[in-house]
Every structure is written in structure tokens, then in C-alpha cells.
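Worksheet: one structure, shown below.
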Protein chains: 2
Amino acid sequence: MQRRDLQRRDLQRRDLQKHGRHGGGADAGDRPDPEALAPPERITLGTQVYDALRDLLIAGGLAPGERLSLRTVAERLGTSMMPAREAVSRLVADEALEVLPNRAVRVPVITLQTFRELTRVRIAVEGFAAAEAAQACGPGELAAIRDHDAAFRSEVQATAPDLERAMRANRDLHFAVYAAAGLPSLIAIIEGLWLRIGPVLNLDMRSSPRRLAEGEAEAHHARLVAALATGDAEGARAALAADIASSAAFIETTGRLAS
Amino acid sequence: MQRRDLQRRDLQRRDLQKHGRHGGGADAGDRPDPEALAPPERITLGTQVYDALRDLLIAGGLAPGERLSLRTVAERLGTSMMPAREAVSRLVADEALEVLPNRAVRVPVITLQTFRELTRVRIAVEGFAAAEAAQACGPGELAAIRDHDAAFRSEVQATAPDLERAMRANRDLHFAVYAAAGLPSLIAIIEGLWLRIGPVLNLDMRSSPRRLAEGEAEAHHARLVAALATGDAEGARAALAADIASSAAFIETTGRLAS
DNA sequence: CCAGCCTAAGTGTGATCACAGATCACGGCA
DNA sequence: TGCCGTGATCTGTGATCACACTTAGGCTGG
């Protein structure tokens, strides 16, 4: 019954576009597009499928071990098999998906060893990003970070916390910090790391939401924001490292990771 | 005359395999393959094309700004257009290639700003890898590192240095160190970084080989190896950072980078 | 009733075709 | 002589088909 695989909410009926330009159907009239002066962004169907799957992975919409099918993905998103192929190929290259010797595509099952390794790399890389951010952070970036921090705090302190929004706020907060470092290539690296830990992280958080209520993450975030505000690079690095480490320690206690 | 694009030596006549398994031709008899007990590695044509292009980029076989064509790559490697597509798509995702709004694929032209950013990220990430290696390095890894160091030194001190082999020895030395850190995901990240700076680095080195003779790199390598041998993490980090920084400084002096 | 084969559906991979857009050289007009 | 329009060609992208292979389910023989 793997028919259920992609019936999760986010991927449903996205209908990227109605068979692109090849469908022969009237394109509903091409308007002049008043904001055409923007740089002509590349938006191929393959990229859109890639983004859809990527968001799904980071947000935990796909569980570790879950199997995928090119044809299913394509059909679910209303495209042909080709864009799905390209998207899956790229994700496999990122190690966000894996294709077994049986030719089956699935979300990788992270072992405990791999998880610890990724955590160490994350602490190093994301810690560096936080330290850089502390030195390069301007008032605008700091305000955005504070906003995301407030959104996260208000969400986890609510009487009925919405885990989905809390995790998204947490993610936005982290990447706002990384963006403040002013190193785009670092952000790409970190996104690749999140792509791999996203499934296990979100899955475990979702299965035991009480961890958020303990307020541990909030404390780390508070220290992080304070360090950023004062330009304390090492303080920011330590706060972020502690945030990652405590989160990872919690994940390990759930015991869901493979040996 | 972009027909010349892929006529560089490395990519010539590689002939991955004669049309794979779909060609009706006899497969020259499938032998039992005595080493079949190895894990069933995934070796698709797309992956092989990807590896070929990747090696070419890291080795400097493709110059910044050089244009590529899916059909040319495919024909040059003796495959169809599909594997070339997959390979190029993955490289574009890695930002090792870029596709212009005109739909033209080329090796990105790194700006000075981007180069400096990549250098900073490299110093952080590769420096961390070196520090980890200093703590995790065993006698076997250390011996391999020494071998590569000796190979590099003997090559640059030769009366007629072979730049190709010198650069390869340098690369092998670096990645032997990173491998000693025991963090596979870190290696993947660093490979992605080298994929981007490879073209400019190799091109400039090739255009002015005298830099190698100055012995600066050798000194950094010696300090690095010494630090690794004594388990001096910070010393290894500093040596590697100095190596990268001096190399980057030299590249900047050539003035070949775009504004 | 259970074990074994064996067919049929489903998988990713590769090849081929179709299409929209960009580039560039050539030729005709002013 | 200079410039603009125009068509052939080449580009990546998407769709479709073909194939080798795996796997799961239904049948048959014991």
C-alpha cells in the first residue's frame, strides 16, 4: 500500500502548471506581466518539483524509509515523469534521497552514527555561520531575527501549540541568522545538511511534542539573539551549538534512530 | 567555434560504454565477474558523465566562462543526451555549472567577491576538517598523508615540474587529510567547494607556474603534517588556513577574476 | 493446506522525438 | 556603405516510448 506515499497534504494538487506549454491548450492569455523588469528567473518544472520535495523533506512531510516513485511524484504534481526524474536525481546527489540497488527510491534511514556525524558537522558549520553573523549583523537583519524569535516563542508558549508553525518559525529563525552572515555559499551548505536531518528531526519532534514546552530551545535562542545584538561572535557560536546539541540529544533519547 | 569546447584531453574518447545494455550488439560475453561480492555499486551512465565532468572541473580542464552543450558532451562521451542532462543538472544544482537565461550552459565566472567568500568558507570548513583530523588521525592515515606530501614536494622540486601531477598531488594530500577526519559528510561539502573554485584555481596556477617553485605551499604542508602527527588540532587548522589563504592571495594578484 | 513457480504489474534508466526560444549570419533595402 | 529584418540552426526542456529488472500475488502441484 505505498499508494499512500505522497498523499500527504503539502504535495497534494499543487498542479505546477497545466502541462506547461506543450499542452496545446489555450494559455489563458499571456498578460504583459507588469513586473517583467525583474531578472528572468529560471523556473523549470524540474526545479519546481525539486523545491516541492525539498520543502517536504525539510518540513518532515516525508518520513525516513518512506518510498517514492517517479511516476507517483509526477502524477501527484501534475507533470510528466521527466521533471520528477531531474528533481529526484538532484536530491539523490544531495543524499537527501537514496536509490537502493533494487532501483527503489526512498528517504534514507539515518543511522545513529550518521546522525552524530551530521550533528558534529552542523555544530561546526552553523556555529561558524552564527559567529560570522554576530560580526556582520546589521539592524535590519537583527530585527528580522527578533521577529522570528518572537514568533517561535509565542507559538510554543501558546495554550495549543501548532507544531507545524513552531518548527517553521524555528527554521526561519535559524536561517535568518545564517543569512545575516552574508555568505550565500554557507547557506547552501547548511540547507544541504538540513535536508538530510529534516526527516528524522521533524518526525521525532512531531511524535513527542512535549519537548518544545520545556523551553530549552527558547533559552538557547534568547542567548543567541543577545549575542548577536552585542556582536559577541563566540557567544553566538556557543548558543547555537548548545541549541543543536540539546536538540540532537533529545532526538537520541527517543531511540528511533537505526543502529 | 565552440566546437572546440570539449576537445580538451581528459574528456576525449572516454566512451563510457558502448550504448549500455540497450544496444543489440553482443556484450562481449558477460563473465562471472570474480569480485562480485563487492557491494552492488550504482553506476549509471548519468553518474559516469557526472564524474567525468566533475573531475574535469576540479582538475581545471574546463575554464571559467567556457560554454557546454548537452549534445556535445553526450557525443563526446559516447552516450545519449539523457545522461548528459542528468549530469549537467546535478552540476548546476551544485553551482559548479550555471545555465544562463539564454539557456546556455557554461562554467560560472567567479567574481572577486564570490571568490573571497568561498575562501572564507573554505578556511572555516577545511580548517575544521584539519583540526578534526589531527585528533582522529591514525598511523595508517598519517602514512598516506606523508606519501602524498612527499609526492607533491618531489614534483615541485623536480627540474621539470609537471603541473598536472603537482596539482593532483596537492589535491590528494588535502583530501587525505579531510578523509582522516572521519566525517564523510564534511568531505562531500568540501568537494562541492573545490568544484566551484577548481576552474579558477587551476587556470591561474597553470598560467603562472612559478608560484609553485616558491615553496610556500610546501612550508604550509610541512607544518600541517607536523601538527597532524602530534595531534595539534589548532596547529593543523592554522597551517591549512594559511595554505588556503596564501593560495587565494596569489590568485587575487593575477587579476584574472571578474569584478 | 502449504510450498513452489510463474506471470503480470511496477520500477528506474536510456533513447528519441517535439517544441519554444535565442543566436547569428546572410541578404536586401534605404 | 550602413542597418535592419529574417530564416536556418542550435540550445535546453518536456513528453513519450522501450527495456532490463525487481517484486508481489495468484495459481498449480504436491
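A donor N or O paired with an acceptor N or O is found under 3.5 Å between the base of C/dG14 and the side-chain atoms of A/Arg85.
Scored by the ring pair (Phe, Tyr, Trp, His ring centres under 6.0 Å) test, B/Phe115 finds no partners at all (sequence neighbours excluded). With sequence neighbours excluded, the residues that form a side chain to side chain contact (heavy atoms under 4.5 Å, CB included) with B/Pro108 are B/Glu98. When the side chain to side chain contact (heavy atoms under 4.5 Å, CB included) test is applied to A/Met81, the partners found at least two apart in sequence or on another chain are A/Leu70, A/Arg71, A/Arg85. Take B/Val105 and apply the side chain to side chain contact (heavy atoms under 4.5 Å, CB included) test, not counting sequence neighbours, and it matches B/Leu68, B/Val88, B/Leu97, B/Val99. Evaluation of the side chain to side chain donor-acceptor pair (under 3.5 Å) rule for B/Thr119 yields no partner, not counting sequence neighbours. By the salt bridge (Lys or Arg N to Asp or Glu O under 4.0 Å) test, A/Arg122 pairs with A/Glu126, sequence neighbours left out.
Checked by atom type and distance alone, the side chain of A/Asn202 pairs as donor or acceptor with a backbone atom of A/Gly198 at under 3.5 Å.
B/Met82 places its CE atom 12 Å from the C1' atom of D/dC17, with the value rounded to the nearest Å.
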Restricting to nitrogen or oxygen on both sides, can you table the protein-nucleotides 22-24 of chain D pairs closer than 3.5 Å?
unit_1, atom_1, unit_2, atom_2, d
D/dT23, OP1, A/Asn102, ND2, 3.0

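Sorted by first then second residue, the salt bridge (Lys or Arg N to Asp or Glu O under 4.0 Å) pairs that include residues 178-194 of chain A, not counting sequence neighbours, are A/Arg54-A/Glu191.
End-to-end axis angle for the helix from C/dC1-D/dG30 to C/dA30-D/dT1, using five pairs per end and rounding to 10°, comes out at 20°.
Contacts of B/Val88 with the nucleic acid, taken as non-hydrogen atoms under 4.0 Å apart, are absent.
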